[in-house]
Amino acid sequence: MKKRTFSAPFLATVCLAVFLSFGWNPVARADEPLAVRGTVDFSSWDWIRQGTAVLDGEWEFYWNRLLTPRDFLSGAPPGPVTYIQVPQTWRGRSAGGSPLSGQGYGTYRLVIRTSPADAGREMALYIRGVATAYKLWINGNMAAEKGVVATNRPDMVPEEYSQPVFFHLQGEQSELILQVSNFVQRKGGLWEPISLGTAEEIVLQRERAVAFETGLVGVFFAVGLYHFGLFLARRKETWAFYFSGLCFAIGIRTLTTGETLITRLFPWISWEMSTHLEYLSVCVAVLMLILFTHARYPGEVNLRWRNGFAAVLTAYGLFVAVTPAIVYTYTMLPFQLCVLASIIDVVRVLILAWRRKRSGASLDLFAGAVMFMFAMNDVLYYNHLITYGRLIQFGMLFYVLIEAFSLAHQFSSLFSQTENLAVQLQQTNESLEERVRERTRALQESNARLQRTNRDLYRMEQARRHLLSNISHELGTPLTLIRGYIKAVLDRVDESRNDQFLRLTYDKTVMMERIIRDLLELSKLEAGQIDFHYQWVHPLEFFRGLFEKYEFALQEAGVRFDWTVKGWDMPGFEAIRVDPIRMEQVFANLLFNARKYTAPGGRIEVVVTGIQGRTSEESAVRVEIRDTGKGVGKEDLPFVFERFYRGREARNSSPGSVGLGLAICKEIVENHGGQIGVESRDGVGSAFFFTLPASRRAEGSVPGDHPDGKEFWA
């Protein structure tokens, strides 16, 4: 922290020193000769070693006369002569015992003596600050002209900016004659030094001055644009807007003073407009400075003083905007005092903020104090009390750089804090996200359990309703018959048939027991309350074992029982995942169902077919039980797997059949992920089949043809 605080003023001071070395106004050195009674002696001056010099001192001055070189050919003064100090305005001076006003015209004359050795050397004058139009002759030749010099306001055209004027030394003496007129502002005459030196040195001096002011303007506008961009990004940061306005205003003032770059960049801008911009830019700059300070340190600003200064500056800006320069330039001193008072109030606020240890106040106070000293220097210079002038832009540059460093430091601190908060927030978010994920997983698991419970409850409720409905439906008829048989025995209808009635009653109770048992099993299957104990088995071995288990029972019934395998390549293997007990229940149910409708001498065949799909997941095993019985009628085929459904043939040949066996087979097969179906021809035979998904355990199995039964029934 201390290192950064030290570096800001240090770097700003270095920048200020660099700019001062390029932009310091020329003043007479102690070893430079001064003009005395219109003559300056440079006969012993080494222009190469000692460099440029300024033509300060006493110049001849002829008030209210526009003289030319022809008027001085006689060698005698062409009238009363007054000696006036240069650089200085003629306002307040006297000529012929009468005080001079700011408006008027006159002629300056200076004789420059040089060494005979310098004869023919190319020299140059660097003229700046002539108010407000002039015409120059050097050694009798017209050398330069700015604006139109005239004896009245309507004919005069003001124009003012710095320029070099080149000429050659002739002999030991050179003559300068300069006509000057001013009717447009408070000051008139030569109010800034005129430099004399070799052409190369003067060109270098001018280029340095132009480069300096261009760089100065670039700095102000770059900083202003940067902070204006900050304001656009964050509208709540009003201090950034005020600071950008301050930078822009100082940049515009720099363009309108010194080298007057604005007229070089925009030739269509008149002297009057340029002067308006100069004064208005100061009003805006000071107003932005006050508002910026208030935005930075709102607790230390006196609102009455702030509003008072803002009102005065706004009113003065409007006054400048609507009046000509000949009017508002005479208010320069009160305006300068108002500006100084505003800067003093800003410094007061900064001192208070520093005492209260506000962030950045020490740097701001340092910059504000430097700016105040430079502003005081300019006030004294523009009132001709000192010769070192136009330094306020340096003070503002120093202030702007310090503020930029200070604001950048505060932004850096805020960014660091933001980054730390962001890291902490990210860690907190990650922790919260993990907690949310854990809670979400727990809720999902609870929801899944609840859904499973709800599904189980729903299935149980449905099974319960089906069971009650089926019991009431299927037990109604046997109970009615039993009640009738018992009633016949009790009423002694036919005692010789009592044994028959009791046998019938017993048979009906056996049938009711079977119905109840099948209904319970079917309800449990539908409700998912029966646990299946799955195992991986080889389908050929498994179903071959079942075939051999029931082979003897079928052969005793006088039925031919055959085993057939299709679509299997024995080196390859398929595996199925089944509950062996439940799958045997399906196999036996279908097998005995076929035996029931196949007459002795008929044929029952078990066909196991391997079906290879496009992928191993699509492979399946198909088990068919074919018979040569009476078959199933076409109208009965869609309903054979529905509970309690009995076809025409079943009703005729097996009156005790319940019609639940095939429904139970369907539930078991579907719980294995398979499908069950039937193919039949009425009077020819039936083929009940079911398919089970298989998993390939080895390579080399060959897909078989899906059997259509034609060969079997041919």
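When side chains are defined from C-beta on, Ser174 does not count as touching Val111, because their heavy atoms never get closer than 4.5 Å. In this structure the side chain of Arg109 never reaches within 4.5 angstrom of the side chain of Trp137, judged on heavy atoms. Under the 4.5 Å side-chain criterion, counting only non-hydrogen atoms from C-beta, Tyr108 is in contact with Ile84. For the pair Pro99/Arg91, no side-chain contact is recorded, criterion being any heavy-atom separation below 4.5 Å from C-beta on. Using a 4.5 Å heavy-atom threshold, the side chains of Arg186 and Met332 count as touching. Side-chain atoms of Thr293 and Asp345, non-hydrogen and from C-beta on, never get closer than 4.5 Å to each other. When side chains are defined from C-beta on, Trp268 counts as touching Phe266, because their heavy atoms get closer than 4.5 Å. No side-chain heavy atom of Val148 sits less than 4.5 Å from a side-chain heavy atom of Met156.
Atom-to-atom distance recorded for Thr151:OG1 and Phe183:CZ is 6.5 Å, nearest 0.5 angstrom. Taken from CD1 in Ile290 to CG in Leu313, the straight-line distance is 5.0 Å, to the nearest 0.5 Å. Taking CZ of Arg296 as the reference point, atom CZ of Arg358 lies at 12.0 Å (rounded to 0.5 Å). Leu230 CG to Leu225 CG: the interatomic distance, rounded to the nearest 0.5 Å, is 11.0 Å. The line from CG of Leu291 to CG of Leu246 is 10.5 Å long, rounded to the nearest 0.5 Å. Arg253 CZ to Ile250 CD1: the interatomic distance, rounded to the nearest 0.5 Å, is 9.5 Å.
Using modelled atom types, no side-chain atom of Gln88 and backbone atom of Trp191 make a donor-acceptor pair closer than 3.5 Å. Here the side chain of Gln173 pairs no donor or acceptor atom with the backbone of Ile112 at under 3.5 angstrom. At distances below 3.5 Å, at least one donor-acceptor pair connects side-chain atoms of Glu159 with backbone N or O atoms of Gly147. Side chain of Glu272 to backbone of Pro324: no donor-acceptor contact under 3.5 angstrom is found. A donor-acceptor distance shorter than 3.5 angstrom exists from the side chain of Ser270 to the backbone of Met273, with no hydrogens or angles considered. The backbone N or O of Glu201 lies less than 3.5 Å from no partner atom in the side chain of Gln205, so there is not a single donor-acceptor pair. With hydrogens and angles ignored, the 3.5 Å screen pairs a side-chain donor or acceptor of Thr107 with a backbone N or O of Leu67. Distance alone, capped at 3.5 Å, is enough to place a donor-acceptor pair between the Glu32 side chain and the Val54 backbone. Trp45 places no side-chain N or O within donor-acceptor distance of the main-chain N or O of Asp41, the cut-off being under 3.5 Å. When atom types are taken as modelled, the side chain of Glu58 and the backbone of Val36 share no donor-acceptor pair closer than 3.5 angstrom.
For Phe292 and Tyr242, the distance between ring centers is not under 6.0 angstrom. When ring centroids are compared, Trp90 and Trp63 come within the 6.0 Å threshold. Within the 6.0 Å centre-distance limit, the rings of Phe42 and Trp47 are counted as a close aromatic pair. You'll find the ring centres of Phe61 and Tyr83 outside the 6.0 Å limit.
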Might you work through the side-chain contact (heavy atoms from CB on, under 4.5 Å) test for Leu365 and Ile351, ending with a clear yes or no? CA-CA 6 Å; Leu365 177 60; Ile351 292 174; 3.4 Å; yes

Check step by step if side-chain contact (heavy atoms from CB on, under 4.5 Å) holds for Tyr297 and Leu350. CA-CA 8 Å; Tyr297 306 106; Leu350 297 177; 3.6 Å; yes

Derivation and outcome, side-chain contact (heavy atoms from CB on, under 4.5 Å), residues Ile252 and Thr254: CA-CA 5 Å; Ile252 293 174; Thr254 306; over 6 Å; no

Mind running side-chain contact (heavy atoms from CB on, under 4.5 Å) on Arg206 and Tyr126 for me, showing each step along the way? CA-CA 8 Å; Arg206 178 176 180 273; Tyr126 193 27; 3.5 Å; yes

In sequence, state the C-alpha distance, the side-chain angles, and the governing distance for Tyr316 and Thr331, and then conclude on side chain to side chain donor-acceptor pair (under 3.5 Å). CA-CA 10 Å; Tyr316 186 77; Thr331 63; 2.7 Å; yes

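The two residues Gln179 and Val149 make their nearest non-hydrogen contact at O-CG2, 3.9 Å. Scanning both residues, Ala325 and His276, for their nearest heavy atoms gives N-CE1, 4.5 Å. Nearest heavy atom pair, residue Pro87 against residue Asp56, reads CD-OD1, 3.2 Å. Listed here is the closest heavy atom pair of Ala144 and Val165: CB-CG2, 3.6 Å. The two residues Leu125 and Ile202 make their nearest non-hydrogen contact at O-CG2, 4.2 Å. In terms of heavy-atom proximity, Leu136 sits nearest to Ile127 at CD2-CD1, 3.6 Å.
Exactly one residue among Ile326, Val327, Leu333 makes a side chain to side chain contact (heavy atoms under 4.5 Å, CB included) with Tyr330. That residue is Ile326.
Here Tyr279 pairs with Tyr328 under the ring-ring contact (aromatic ring centres under 6.0 Å, His included) rule; sequence neighbours left out. For Tyr105, there are no ring-ring contact (aromatic ring centres under 6.0 Å, His included) partners at least two apart in sequence or on another chain. By the ring-ring contact (aromatic ring centres under 6.0 Å, His included) test, Phe248 is found to be paired with Phe221, residues two or more places apart in sequence or in another chain being considered.
In this structure, Arg306 forms no cation-pi arrangement with Phe309, as its terminal cationic atom is not both closer than 6.0 Å to the ring centre and no more than 45° off the ring axis.
For CZ of Arg355, the number of neighbouring non-hydrogen atoms (other residues, nucleotides, ligands) closer than 6.0 Å is 12 at most. Applying the 6.0 Å contact sphere to CZ of Arg70 captures no more than 12 heavy atoms from other residues, nucleotides or ligands.
Between Lys146 and Glu160, none of the side-chain N atoms (NZ, or NE/NH1/NH2) sits under 4.0 Å from a carboxylate O, so this pair counts as no salt bridge.
Thr132 and Gln185 share a side-chain donor-acceptor pair at under 3.5 Å. Of the N and O atoms on the side chains of Tyr62 and Asp71, not one donor lies less than 3.5 Å from an acceptor on the other residue.
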